[in-house]
Amino acid sequence: MTQTCKAIRVYAYGGPEVLSYEDVDVGTPQDGQIRVRHTAIGLNYIDIYMRTGLYPLTLPSPIGMEGAGIVEELGPNVTDLKVGDRVAYASQPPGSYAEQRLIAADRVVKIPDAIPDETAATMMLQGLTAQYLLRQTYVVQPGDTILMHAAAGGVGLIVCQWAKHLGATVIGTVGSAKKAELAKAHGCHHTILYQQENFKDRVLELTNGQGVNVVYDSIGKDTFMNSLECLKKRGTLVTFGNSSGPVPAFEPALLGKKGSLYLTRPTLFDYINTRENLSKMAAELFDIVASGTVKIEVNQRYALKDVAQAHVDLEARKTTGSTVIVP
Ligand code: NDP
């Protein structure tokens, strides 16, 4: 039976005002799909790139990449799930800003009993990202020193805790003294207020002029060039986001001049591209969260109808840790 529910739709790119709260038809699960009733929805910076058109949508479009909830209906040929299962996902195409949605069954994972829905809903996209950044893109080793930008953000707090657990020394950049405290309480050994201090100078000072093994840079335009300067010879720059805007055109010969550096621009969806990869990465993430080694800090909550305010606050750098949208 077709259901209707409240959901957010985007009809044109723009500011938070383009997030339209309305009644939509959920539809009936097709082959391999399930219908999920969300209990919690995750807010991510990628939602802003999609709302503004930096990452194009097919308009009009649903929005939101992450959620957790209960399986309410199975389409044909879904064998691994049953009605009533608790599931979570970080998945394309967008559509999590909704009370209910249809989604491919092979893109969701069952949530272990030890993990509450709200935690699961906010840790999938940011936590799976932390997994691939630290364990696949550059494999962090005990004794490494890493630089994590936006260390008090959603991805940031997870990376700091996990990297410390892996035996790395963690240097984090943050936008305020309060964020510095929070990052330090989550495994960051040294914090740099990058709007007040030159972070490259501070990193070189903290590493006795050596630089770090890897920089995880999600800020983009404002930090990219200085991030390169923070690396050891043959160090790795992982540019994985554009919070300040996309990185401008860049001359690869510079990587040679700075010391045979590596540069990569990864995307989560290329790491969770198969069911096997998704399951393995999610299992590792669930284990490290269930063990208490990595805590998911849900520091903001907004009702679904108020999601525009969540976007305003995320873009204004007012949030810390993870943010849940309550359907
Ligand atoms: P965050 O919670 O980290 O929020 C973004 C933070 O970036 C802000 O809080 C702010 O922290 C910092 N920032 C610096 N400059 C700006 C600016 N000009 N405008 C806004 N914020 C700025 O978000 P998420 O954890 O959701 O995501 C972090 C980053 O990781 C994003 O860039 C996102 O796109 C990227 N990402 C990439 C993925 C991938 O696979 N490639 C997957 C997941 C996330 P402060 O005030 O401390 O500077």
Side-chain angles (χ1 to χ4, degrees), residues 15-16 41-52 54-55 64-66 90-92 94 96 121-138 147-162 171-184 186 188 191-197 199 215-224 226-227 237-247 264-273 277-278 281 285 296-300 310-325:
I41 299 160
L43 177 78
N44 290 284
Y45 219 91
I46 192 172
D47 305 343
I48 289 171
Y49 305 146
M50 290 185 162
R51 192 203 72 216
T52 57
L54 180 63
Y55 295 178
M65 305 296 279
E66 176 181 47
S91 178
Q92 292 174 316
S96 67
T122 53
M123 73 187 232
M124 292 299 291
L125 202 142
Q126 295 167 350
L128 291 170
T129 298
Q131 196 284 342
Y132 84 71
L133 291 174
L134 298 171
R135 309 270 296 127
Q136 300 187 67
T137 306
Y138 173 87
L147 173 62
M148 181 68 197
H149 286 304
V155 177
L157 286 185
I158 300 173
V159 163
C160 289
Q161 296 171 80
W162 202 329
I171 304 174
T173 59
V174 287
S176 69
K178 214 170 139 218
K179 289 184 178 183
E181 259 175 55
L182 188 68
K184 282 201 172 125
H186 290 81
C188 198
T191 51
I192 303 173
L193 294 168
Y194 54 173
Q195 287 168 295
Q196 291 164 33
E197 314 170 77
F199 74 83
V215 179
Y216 295 111
D217 187 338
S218 65
I219 309 302
K221 179 171 69 65
D222 288 355
T223 48
F224 180 82
N226 264 343
S227 291
L237 175 56
V238 183
T239 169
F240 71 104
N242 334 269
S243 310
S244 68
V247 176
T264 179
R265 201 322 179 178
T267 297
L268 172 64
F269 300 104
D270 291 330
Y271 285 82
I272 54 170
N273 57 335
N277 288 348
L278 170 63
M281 289 168 64
L285 174 64
I296 305 298
E297 295 295 344
V298 179
N299 289 349
Q300 298 76 215
H311 277 223
V312 168
D313 293 345
L314 184 58
E315 281 180 282
R317 307 166 78 155
K318 286 190 182 156
T319 67
T320 57
S322 302
T323 300
V324 74
I325 301 164

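When a ligand or atom number is given, it counts from 1 through the structure's own listing order.
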Roughly how far apart are [X] [atom1] and [Y] [atom2], rounded to 0.5 Å?
| X | Y | atom1 | atom2 | answer |
| --- | --- | --- | --- | --- |
| Phe240 | Leu268 | CZ | CG | 11.0 Å |
| Leu278 | Phe269 | CG | CZ | 10.5 Å |
| Leu133 | Tyr271 | CG | OH | 7.5 Å |
| Leu237 | Thr264 | CG | OG1 | 9.0 Å |

Just distance, no hydrogens or angles: give the donor-acceptor pairs under 3.5 Å from side chains in residues 171-178, sequence neighbours left out.
unit_1: Thr173; atom_1: OG1; unit_2: His149; atom_2: ND1; d: 2.8
unit_1: Thr173; atom_1: OG1; unit_2: Ala150; atom_2: N; d: 3.3
unit_1: Ser176; atom_1: OG; unit_2: Lys179; atom_2: N; d: 3.1

**Message:** Quick one, Gln300 with Asp313, criterion side chain to side chain donor-acceptor pair (under 3.5 Å). Give me CA distance, side-chain angles, the key distance, then yes/no.
**Reply:** CA-CA 10 Å; Gln300 298 76 215; Asp313 293 345; over 6 Å; no

**Request:** Show the protein residues that qualify under the rule heavy atom under 4.0 Å from an atom of ligand 1, listing them in chain and number order.
**Result:**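 These residues qualify: Asn44, Tyr45, Tyr49, Leu125, Gln126, Thr129, Tyr132, Ala150, Gly153, Gly154, Val155, Val174, Gly175, Lys179, Tyr194, Ser218, Ile219, Phe240, Gly241, Asn242, Ser243, Ser244, Arg265, Pro266, Thr267, Leu268, Leu314, Glu315, Arg317.
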
